[in-house]
Amino acid sequence: MQLNIHNTFTGKKERFIPRDPERITLYACGPTVYNYVHIGNGRPAVVFDVLFRLLGAMYPNVAYARNITDIDDKINAAAEDAEDRNAAIRKLSDYYSEAYSTDVAALGTLVPTFEPRATEHVQEIIELIAILIDRGHAYAAEGHVLFNVPSFAEYGSLSNRSLEDMLDGARVEVAPYKKDAKDFVLWKPSSNDIPGWDSPWGRGRPGWHIECSAMIHKHLGPSIDIHGGGSDLIFPHHENELAQGRCAYENESFANYWMHNGMLTLGNEKMSKSLGNIETIRDLLRDYQGETLRYALLTGKYRSPLSWSRELVDQARSGLDRLYQAMLDSNSKADLTTSLDYSKVKIQDVPQAVAKALADDLNTPQALAAMHEMASQINKSDKPEDTAKLRKDLLTSAWLLGLLTHSPVSWFQGDMGKVDEKAIQNLIDERDQARENKDWQRADDIRNELLELNIELEDSRGGTRWKRQ
RNA sequence: GGCUGGGUGGCAGAGAGGAUAUGCAGCGGACUGCAACUCCGUGUACACCGGUUCGAAUCCGGUCUCAGCCUCCA
């Protein structure tokens, strides 16, 4: 199976050739933690999780790092009024960092190999800055350390912009200590009430981009296979990371493939914290299962913008229900197998249609289409051996997408909120009795009564089943 | 203004020179006591205008238009 991925660096879809097939290295940018994350933040988590799963099925060893940026002026600002500001900042970033992991886990993402945090890598950051200064790519000035952009001739190659272009309408702050307007901060001084670390340049904290370069180097190496993140990070974040990495470690490519997911839009506008048009994962989880949200995120190709709406999620729910329904209807042996039981699946054991779709730059909509095809076949199949094969195909496919992680019964009956299963079963029994007596009135009354409680009945061959609506 | 990437049926969304994408919703039918589930059938879809071609939604040119980045953002 040949994996092809779209590389932002070249602007082309390219054949993926690992640096070392024995150890694939993948890094994805996580959030800055000062708030609950919104579903837009969930997209890269899910997209690169699918990639992690796919690579895991193709190669023996995949090292995947997804960072948390917990040093940032926005975090500091969020704790502005606290009495002990330092403590408040720490508490805040710990809390939201934990919330992020929880929310993103609800979307069915596997735990990455590494989840590095900036605060735990300040030493590495300082070392990296020192190297950059040594090599003449950075300089200290007034308690700051700045990366000197003109010192790196290839600056702009990732985001495909020239230094001249950037000057037009440039909105960068031109501080007096900058040698060049485009120079960006690697280190800046901290007052005592906000987090700071001792360094050769005084007590301070790292700038925004340097933490990623340092954490990549520490956990994955001077060069990695794939670096991912949202398309809004291409410039300046990734451009700067690239510059830092390349300048610090000569003859290293830093990242061979850059992948960027498109933005979620809400009402024809990018979902973003600053615009305020967001839906937090936490809020959505009140109304939907995490897996439904995940399915919704996967209905579009990761590179394209995806217009988010409750309608989209409702459609996702219906589509996912269909897959579970096929699993439910075809389950004659009370089989409790879910996709989780196929976590060790190899790519050659995944149905071709799905493997090919995913290997083609993560074409998840096409993979989902192939899965629906399997569901249709399951529904039509009357040979037990065919059904068993198709069920397995569907579940192995689902593993790569991170779907069908529940048993069909628990999916439909759910554990969201309390229901009295016993009472439901009693009513079903009573209705069955009524039906036997051809007391259709009573039978329908019971069905309607349950419907009031959002319980839907299905009279299948194997008896009456109930589902939450 | 510069750089990206788009405009596909009621909705979401693949595909990419000649096939039915797929799902949701709708309609008709089968199944059912009636439903639900499932199955079968069903839609003059490819922004606009030119061009290339035997043939274009798919290639080329132009027009209009939308989004993203150029500032913190996934």
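Computed from a predicted model, the values in this text were never measured in an experiment. Per chain, numbering begins at 1; letters A, B, ... match sequence-line order.
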Without hydrogens or angle criteria, can the side chains of Tyr36(A) and Asp283(A) be said to hold a donor-acceptor pair below 3.5 Å? no
In whole angstroms, how far is the P atom of G5(B) from the CG atom of Asp361(A)? 13 Å
In terms of side-chain heavy atoms of Leu264(A), which of C34(B), C69(B), A74(B) is nearest? A74(B)
So, does Asn160(A) get its side chain near the phosphate of C3(B), meaning an N or O under 4.0 Å from OP1 or OP2? no
Is it the case that the base of A35(B) and the side chain of Arg447(A) share a donor-acceptor contact (distance under 3.5 Å, atom types as modelled)? yes
What's the gap between C31(B) and C39(B) when it is taken at their C1' atoms, as a whole Å value? 8 Å
Regarding Asp444(A), tell me which of base, sugar-phosphate or nothing describes its non-hydrogen contacts under 4.0 Å with the strands shown. base
Below 4.0 Å: OP1/OP2 of A74(B) and any side-chain N or O of Lys273(A): yes
Spacing of the P atoms in C24(B) and G33(B) (rounded, Å): 26 Å
If you look at every strand shown and take non-hydrogen atoms under 4.0 Å, does Asp329(A) touch a base, only sugar-phosphate, or nothing? sugar-phosphate
For the side chain of Arg43(A), starting at C-beta, report the closest nucleotide among G68(B), U71(B), A74(B). A74(B)
Take atom P in A36(B) and the same atom in G28(B), then report the distance between them in whole Å. 12 Å
Would you say C34(B) has OP1 or OP2 under 4.0 Å from some side-chain N or O of Lys438(A)? no
When rounded to whole Å, the CD to P distance for the pair Glu458(A) and C37(B) reads 7 Å
Heavy-atom count check: over 12 atoms from other residues, nucleotides or ligands less than 6.0 Å from Lys392(A) NZ? no
To the nearest angstrom, the CD-C1' distance between Glu239(A) and U4(B) comes to 14 Å
Say we look at A14(B) and G9(B): how far apart would their C1' atoms be, to the nearest angstrom? 14 Å
Between Arg468(A) and Gln413(A), is there a side-chain donor-acceptor contact under 3.5 Å, judged purely by atom types and distance? no
Pairs flagged by ring pair (Phe, Tyr, Trp, His ring centres under 6.0 Å) wherever residues 441-469 of chain A is involved - sequence neighbours left out: none
Indicate, with a heavy-atom threshold strictly under 4.0 Å, whether Gly11(A) touches base, sugar-phosphate, or nothing. nothing
Can you tell me, in whole Å, how much space there is between the C1' of G15(B) and that of C59(B)? 16 Å
If I take atom NZ in residue Lys74(A) and atom C1' in nucleotide C72(B), what distance separates them, rounded to the nearest angstrom? 3 Å
Are a donor atom and an acceptor atom from the side chains of Arg317(A) and Thr292(A) found within less than 3.5 Å of each other? no
Reckon Met371(A) touches a base, only the sugar-phosphate, or nothing at all at heavy-atom distances under 4.0 Å? nothing
Atom NZ in Lys13(A), atom CZ in Arg303(A): separation rounded to 0.5 Å? 8.5 Å
Under 4.0 Å protein heavy-atom contact, by nucleotide of nucleotides 12-23 of chain B - B base, S sugar-phosphate only: SSSS-----BSB
Between C3(B) and A57(B), how far apart are the two P atoms, rounded to whole Å? 30 Å
Quiz question: going by heavy-atom distance under 3.5 Å, is there a donor-acceptor pair between the base of C39(B) and the side chain of Lys380(A)? no
Can you measure Leu457(A) atom CG to G33(B) atom C1' for me and round it to whole angstrom units? 15 Å
How far does the P atom of C60(B) sit from the matching atom of U53(B), given to the nearest Å? 16 Å
Going by atom types only, do Ser376(A) and Asn379(A) share a side-chain donor-acceptor pair under 3.5 Å? no
Atom pair distance, as rounded to whole Å: CZ in Phe235(A) and P in G2(B): 17 Å
Check every strand shown and say whether His237(A) touches a base, only sugar-phosphate, or nothing at a heavy-atom separation below 4.0 Å. nothing
Between Cys29(A) and His6(A), the residue closer to the 5' end of RNA chain B by nearest nucleotide is His6(A)
By the 4.0 Å heavy-atom rule, please label Gly229(A) as base, sugar-phosphate, or nothing. sugar-phosphate
Would His238(A) and His260(A) count as a close aromatic pair, with their ring centres under 6.0 Å? yes
Range-with-range stems of RNA chain B (Watson-Crick or G-U pairs under 3.5 Å, three or more in a row): B:1-7 with B:64-70, B:10-12 with B:22-24, B:26-30 with B:38-42, B:47-51 with B:59-63
What is the distance, to the nearest angstrom, from the CE atom on Met263(A) to the C1' atom on A67(B)? 11 Å
Without decimals, in angstroms, what is the distance between Asn331(A) CG and U38(B) C1'? 16 Å
For Tyr257(A) and His227(A): C-alpha separation, side-chain torsions, deciding distance, then whether ring pair (Phe, Tyr, Trp, His ring centres under 6.0 Å) applies. CA-CA 6 Å; Tyr257(A) 303 87; His227(A) 190 130; over 10 Å; no
Does the side chain of Tyr155(A) pick up a donor-acceptor pair with the side chain of Asn240(A) at under 3.5 Å? yes
Interatomic distance at C1', U42(B) relative to G6(B), whole Å: 31 Å
Heavy atoms only, 4.0 Å cut-off, all strands: where does Arg431(A) land among base, sugar-phosphate and nothing? base
Can you tell me how far the CD atom of Gln352(A) sits from the CG atom of Asp393(A), to the nearest 0.5 Å? 11.0 Å
Decide whether Asp429(A) and Gln425(A) meet the rule of one side-chain donor and one side-chain acceptor closer than 3.5 Å. yes
